[in-house]
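To start, the structure itself, in structure tokens.
Letters A, B, ... mirror the listed sequences (proteins, then strands); counts begin at 1. Reckoned from all heavy atoms, side chains included, excluding hydrogens, waters and symmetry mates. Source: prediction; values computed, not measured.
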Amino acid sequence: DTGVSQDPRHKITKRGQNVTFRCDPISEHNRLYWYRQTLGQGPEFLTYFQNEAQLEKSRLLSDRFSAERPKGSFSTLEIQRTEQGDSAMYLCASSSQRYTEAFFGQGTRLTVV
Amino acid sequence: ILNVEQSPQSLHVQEGDSTNFTCSFPSSNFYALHWYRWETAKSPEALFVMTLNGDEKKKGRISATLNTKEGYSYLYIKGSQPEDSATYLCAHLTGANNLFFGTGTRLTVIP
């Protein structure tokens with residue numbers, strides 16, 4: 001296990017379609033974060049899991065967004081009825097303990113046309 | 001301060017110059033302050049995790065300080081090199097284990 005992996009790396013979709021992204025964290029990490037990053041901005045917090053429990057979800061996240069981490073291992077982020085404003089880089093990060101750093105995947109770049 | 005704020009937004013320095021950036025964060029509900037370096041086409045990589053007021057950490061030419069009472073951290077780069085060009089992010093870890101990032105400082109080191 002060499003790090004956090006995200007799939008796909010790039011996704012182009014038509015407006016109105018649903019998309020799903022996957023994140024595989026470092027295997028022993030129980031904390032998993034999803035972020036959205038747009039040009040010129042820092043990573044914007046979307047949601048956080050500790051093991052399989054989703055403990056926090058950003059108020060900025062609309063009902064079209066949902067995330068799961070069914071067995072406390074990999075996680076999926078689904079966007080339903082995509083809009084052009086959803087175009088962004090979606091980053092996943094994991095960490096093992098409260099005071100340790102987060103390790104990031106390389107992100108999934110979503111383009112909604 | 002309700003959010004994590006970083007300044008300046010961008011910075012251009014000459015090779016060999018020393019520089020510093022600021023990160024401001026809510027001083028309440030504080031658990032840790034993270035610094036990351038994000039190079040183009042790569043993932044953010046951690047530089048430091050700081051938890052105690054007065055903490056100072058150093059890695060090579062890069063160092064950071066932390067003031068949790070007033071809610072700020074400084075990142076210093078001594079003798080900047082072109083390979084230091086990147087976006088530097090700070091993040092505030094809350095008691096609920098949420099990790100909130102600032103918008104970053106984009107550093108360009110001119111050879």
On a heavy-atom basis, which atom in [X] and which in [Y] lie closest, and how many Å separate them?
X	Y	value
H34(B)	E101(A)	CE1-CA, 3.9 Å
A41(B)	Q106(A)	O-NE2, 4.3 Å
V49(B)	T100(A)	CG2-C, 4.1 Å
N97(B)	Y33(A)	O-OH, 2.7 Å
Y36(B)	A102(A)	OH-N, 2.9 Å

Within one Ile-Leu-Val-Met-Phe-Trp-Tyr cluster: [X] and [Y], side-chain cutoff 4.5 Å:
X	Y	answer
L66(B)	Y72(B)	no
V4(B)	Y74(B)	no
V13(B)	F21(B)	yes
I62(B)	W35(B)	yes
M50(B)	Y76(B)	no

Are more than 12 heavy atoms from other residues, nucleotides or ligands located less than 6.0 Å from atom CD of Q9(B)?
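No.
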Step through the shown structure and confirm whether more than 12 heavy atoms of other residues, nucleotides or ligands are within 6.0 Å of CZ on R61(B).
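It does: R61(B) CZ has more than 12 such atoms within range.
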To the nearest 0.5 Å, what is the distance between CZ (F104(A)) and CD (E45(B))?
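One finds 11.0 Å between CZ of F104(A) and CD of E45(B).
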Just how far is it from atom CG of N98(B) to atom OG of S58(A), taken to the nearest 0.5 Å?
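Reported to 0.5 Å precision, the distance equals 9.5 Å.
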Which atoms of [X] approach chain A - backbone, side chain, both or neither, heavy atom under 4.5 Å:
X	value
A91(B)	neither
Q6(B)	neither
L99(B)	both

Tracing side-chain contacts under 4.5 Å among Ile, Leu, Val, Met, Phe, Trp and Tyr outward from I12(A) reaches V113(A)
What part of Y35(A) is in contact with chain B, defined as an atom under 4.5 angstrom from a non-hydrogen atom: side chain, backbone, both or neither?
side chain
Using heavy-atom distances under 4.5 Å, tell me whether A93(A) contacts chain B through its side chain, its backbone, both, or neither.
neither
For chain B, which residues from residues 65-74 of chain A have at least one heavy atom closer than 4.5 Å to it?
none
Are any of the side-chain heavy atoms of P43(A) and F100(B) separated by less than 4.5 Å?
no
Select all residues of residues 101-111 of chain B having any heavy atom within less than 4.5 Å of some heavy atom of chain A, and report them by number, or 'none'.
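F101(B), G102(B), T103(B), listed by number.
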Taken in chain and number order and not counting sequence neighbours, the residues that satisfy salt bridge (Lys or Arg N to Asp or Glu O under 4.0 Å) with R9(A) are none
